Amino acid sequence: MEITENELQSLARTALKARSYSYVPYSHFAVGAALMTEDGRIYRGCNIENAAYSVAVCAERTAIFKAVSEGERKFKALAVCGGKAGTEPENFCTPCGVCRQVMAELCGLDMPVYLVKSAEEIKKYTVRELLPLSFRLEQNEK
Ligand code: THU
């Protein structure tokens with residue numbers, strides 16, 4: 001299911017807004033994510049760090065886990081943006097490998113992932129493009 005241009009705009013703007021809630025006293029790198037369900041609801045996520053560094057959670061997983069823990073299972077798009085905290089993103093922030101694996105598991109390989117630099121500068125990928133040859137239980141069972 002493709003998203004409309006209006007939906008993409010609100011998803012991108014929501015990811016940019018979510019970024020402002022990041023808790024990043026260690027990396028000072030703020031990431032925002034927004035996940036749209038099949039019926040158009042949007043769940044936001046930001047990265048949240050910890051003095052015990054490895055405990056940090058990425059924005060993408062925050063958004064996905066928030067949605068799944070509210071009973072959502074069908075998603076049509078994810079938007080991600082990131083950059084130095086307190087400034088506008090200077091580059092397209094690409095999801096880390098762990099988040100790509102979570103997307104493959106919970107969002108499906110064909111879901112679009114939009115990398116957002118600003119509301120006007122957006123690049124589209126699919127989960128499959130971001131994580132080729134992914135490990136999934138359904139493959140394992142064959
Ligand atoms: N980060 C994300 O939130 N998402 C990504 O896809 C890449 C990295 C966060 C983790 C950490 O808080 C900060 O960015 C620097 O790595």
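As the structure is a computational prediction, the values presented were derived from the model and not from experiment. Atoms within each ligand, like the ligands themselves, are counted from 1 in listed order.
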Indicate the atoms forming the closest heavy-atom contact of Glu7 with Glu2, along with that distance. OE1-O, 4.5 Å
For Glu60, atoms of ligand 1 separated by under 4.0 Å from a heavy atom: 2 (C), 3 (O), 4 (N), 5 (C), 6 (O)
Those atoms of ligand 1 less than 4.0 Å from some heavy atom in Thr94: 6 (O)
Nearest heavy-atom approach of Ala18 to Cys46 is O-CB, 3.4 Å
At their closest point, which heavy atom of Cys93 faces which heavy atom of Gly82, and how far apart are they? CB-N, 3.4 Å
Might you check, step by step, whether the distance between atom 16 (O) of ligand 1 and some protein heavy atom is under 4.0 Å? no
Quick check on Ala59 - does any of its heavy atoms sit under 4.0 Å from an atom of ligand 1? yes
Of all protein heavy atoms, the one nearest atom 14 (O) of ligand 1 is Asn47 ND2, 3.3 Å
May I ask you to list the atoms of ligand 1 that are less than 4.0 angstrom from any heavy atom of Ser27? 13 (C), 15 (C)
Got an N/O contact under 3.5 Å between Val31 and ligand 1? no
Arg44 side chain near Lys17 side chain, heavy-atom distance below 4.5 Å: yes
Go through the steps for Asn6 and Thr4 under the test side-chain hydrogen bond (donor to acceptor under 3.5 Å, both in side chains), then give the verdict. CA-CA 5 Å; Asn6 276 350; Thr4 66; 5.4 Å; no
On a heavy-atom basis, the closest approach of Cys99 and Arg61 is SG-NE, 3.2 Å
Answer yes when Arg41 and Glu70 have at least one side-chain N-carboxylate O distance shorter than 4.0 Å, and no when they do not. no
Pull out every atom of ligand 1 sitting under 4.0 Å from any heavy atom of Glu49, numbered as shown with elements. 11 (C), 12 (O), 13 (C)
Suppose I only count heavy atoms of Pro95 and a 4.0 Å limit; which atoms of ligand 1 are within that range? 6 (O)
Which heavy atom of the protein is the closest neighbour of atom 8 (C) of ligand 1, given with residue, atom name and distance? Cys58 SG, 4.0 Å
Using a 4.0 Å cutoff against the non-hydrogen atoms of Cys96, which atoms of ligand 1 qualify? 5 (C), 6 (O)
Shared ILVMFWY cluster between Leu16 and Leu78, side chains joined below 4.5 angstrom? no
